[in-house]
Amino acid sequence: MSTQTLGLDAALQQYVREVSVRESPALSALRERTASLPEHYMQISPEQGQFLQLLARMMNAQRILEIGTYTGYSALCLAQAAGPRGRVVCCDISEEWTAVGRPFWEQAGVAERIDVRLAPALETLAQLRQSEDGRFDFAFLDADKENYQAYYEQLLELVRPGGLIAVDNTLWSGRVADPAEQDPETVAIREFNRKLAGDARVQVSLVPISDGLTLIRKP
């Protein structure tokens, strides 16, 4: 929903990027290419991408699942983190948007690590569950908000014990905290957040980076 962290003005946002973000040339080029699209706001911020990379590397995650790929910036972050033996399965429905990222995946030398499945994500997840339950180390969810709860339940089965699920946009530009906001997407995220708050099956932390990133650990 936003390529900036909530509450940071432009100067502080730029400072964070100057002293922290280390983008590869391919990541930087893909971000610039995506910025020219009308829907560029759907791309995660570079500091969030780097945070996801760090988490994946700390876990030595090699089997990664992504729901919602857009132009593939986050997929590229995660493929770089996964290493030569890694694999990122990407669920999306847009050939047009995912095609934007492919040349940059090639430029980075990680295209063979990224497996794009073009179909409704719930269908892809159902197929994966036939053979991949409990095998993914890490998952990143950044897709249609009204299906977040359905995706989450599937991911809980697909991620291994000790694995991590990262969910984007859980602050939704601050609208989740405003009871007057009752549009379907805001309501869906608000209900998802409440569900997680009481879910004893997992350990949860909502990190206020970019538009809100909830980290969910499966014990």
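Since this is a predicted model, take the numbers as computed values, not measurements.
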Min side-chain heavy-atom separation Q203-I216 under 4.5 Å | no
Evaluate side chain to side chain contact (heavy atoms under 4.5 Å, CB included) for F140 paired with L155, printing each intermediate quantity in order.
-> CA-CA 9 Å; F140 179 47; L155 290 174; over 6 Å; no
Not counting sequence neighbours, which residues clear side-chain contact (heavy atoms from CB on, under 4.5 Å) with E132? List them please.
-> R63, R87, L128, R135, F136, L158
Minimum heavy-atom distance V88-A75, with the two atoms named = CG2-O, 4.4 Å
Any donor-acceptor pair under 3.5 Å linking the side chain of D178 with the backbone of A180?
-> yes
Side chain to side chain contact (heavy atoms under 4.5 Å, CB included) between W105 and R113: does it pass, once the steps are laid out?
-> CA-CA 9 Å; W105 301 342; R113 304 177 197 172; over 6 Å; no
Hey, mind stepping through Y152 and D199 against side-chain hydrogen bond (donor to acceptor under 3.5 Å, both in side chains) and telling me if it holds?
-> CA-CA 12 Å; Y152 168 64; D199 193 342; 2.7 Å; yes
Is V207 reachable from L55 through a run of hydrophobic residues whose side-chain heavy atoms are each under 4.5 Å from the next?
-> yes
Heavy-atom pair with the smallest gap, counting every atom of L206 and G212 | CD2-CA, 4.3 Å
Spacing of I189 atom CD1 and R194 atom CZ [to the nearest 0.5 Å] = 14.0 Å
Pick one: which of T170, N169, D168 meets side chain to side chain donor-acceptor pair (under 3.5 Å) with T214?
-> T170
Can you find a side-chain donor-acceptor pair between E181 and T186 that sits under 3.5 Å?
-> no
Do S173 and D211 have side-chain heavy atoms sitting under 4.5 Å apart?
-> yes
CG of L12 to CD of Q14: how many Å apart, nearest 0.5 Å?
-> 10.5 Å
Heavy-atom closest pair, residues E157 and K218 = O-NZ, 4.2 Å
Residues L52, C77; criterion side chain to side chain contact (heavy atoms under 4.5 Å, CB included); working and verdict | CA-CA 7 Å; L52 292 172; C77 288; 5.6 Å; no
Residues forming a ring-ring contact (aromatic ring centres under 6.0 Å, His included) with Y151, sequence neighbours excluded | none
With no hydrogens and no angle check, do the side chains of R17 and S20 hold a donor and an acceptor under 3.5 Å apart?
-> no
For the residue pair A121 and C91, what are the closest heavy atoms and their distance?
-> CB-CB, 4.0 Å
Output for pair (Q43 CD, W97 CH2), nearest 0.5 Å, gives 12.5 Å
Please walk me through it: do T69 and E66 pass side-chain hydrogen bond (donor to acceptor under 3.5 Å, both in side chains)?
-> CA-CA 7 Å; T69 297; E66 176 178 79; 2.7 Å; yes
Atom CE of M59 and atom CZ of R217: how far apart are they, to the nearest 0.5 Å?
-> 8.5 Å
Start with the C-alpha distance between R190 and Q182, add both sets of side-chain angles, then the distance that settles side chain to side chain contact (heavy atoms under 4.5 Å, CB included), and finish with yes or no.
-> CA-CA 10 Å; R190 188 181 293 135; Q182 292 294 323; 3.5 Å; yes
With hydrophobic residues grouped by side-chain heavy-atom distances under 4.5 Å, do I209 and L164 end up in a single group?
-> yes
Cut-off 3.5 Å, no hydrogens considered: what does the side-chain donor-acceptor table look like for residues 22-30, sequence neighbours left out?
from: E23; atom 1: OE1; to: R31; atom 2: NE; distance (Å): 3.4
from: E23; atom 1: OE1; to: R31; atom 2: NH2; distance (Å): 2.7
from: E23; atom 1: OE2; to: R31; atom 2: NE; distance (Å): 2.8
from: E23; atom 1: OE2; to: Y73; atom 2: OH; distance (Å): 2.6
from: S24; atom 1: OG; to: L27; atom 2: N; distance (Å): 3.2
from: S24; atom 1: OG; to: Q80; atom 2: NE2; distance (Å): 3.0

Answer yes or no: is there a side-chain heavy-atom contact under 4.5 Å between I67 and L125?
-> yes
Which atoms form the tightest heavy-atom contact between D142 and M42, and what is the distance?
-> OD2-O, 4.1 Å
Is any side-chain heavy atom of I165 closer than 4.5 Å to a side-chain heavy atom of L156?
-> yes
Side chain to side chain donor-acceptor pair (under 3.5 Å) test vs T71 passes for just one of T34, D92, T98, namely T34
State, yes or no, whether a side-chain contact exists between F192 and K145 at a heavy-atom distance under 4.5 Å.
-> no
Indicate yes or no: at least one non-hydrogen side-chain atom of Q62 is less than 4.5 angstrom from one of D137.
-> yes
Considering all heavy atoms, the nearest I44-S74 contact = CD1-CB, 3.7 Å
Quick one: does E106's side chain get under 4.5 Å of R102's, heavy atoms only?
-> no
Quick one: CD on E96 to CG on L118, what's the gap to the nearest 0.5 Å?
-> 12.0 Å
Distance in Å, F138 CZ paired with L78 CG, rounded so as to fall on 0.5 Å steps | 5.5 Å
Taking the side chain as every heavy atom from C-beta outward, state whether V167 and L213 have any pair of such atoms under 4.5 Å apart.
-> no
Basic-acidic side-chain contact under 4.0 Å: K195, E153 = yes
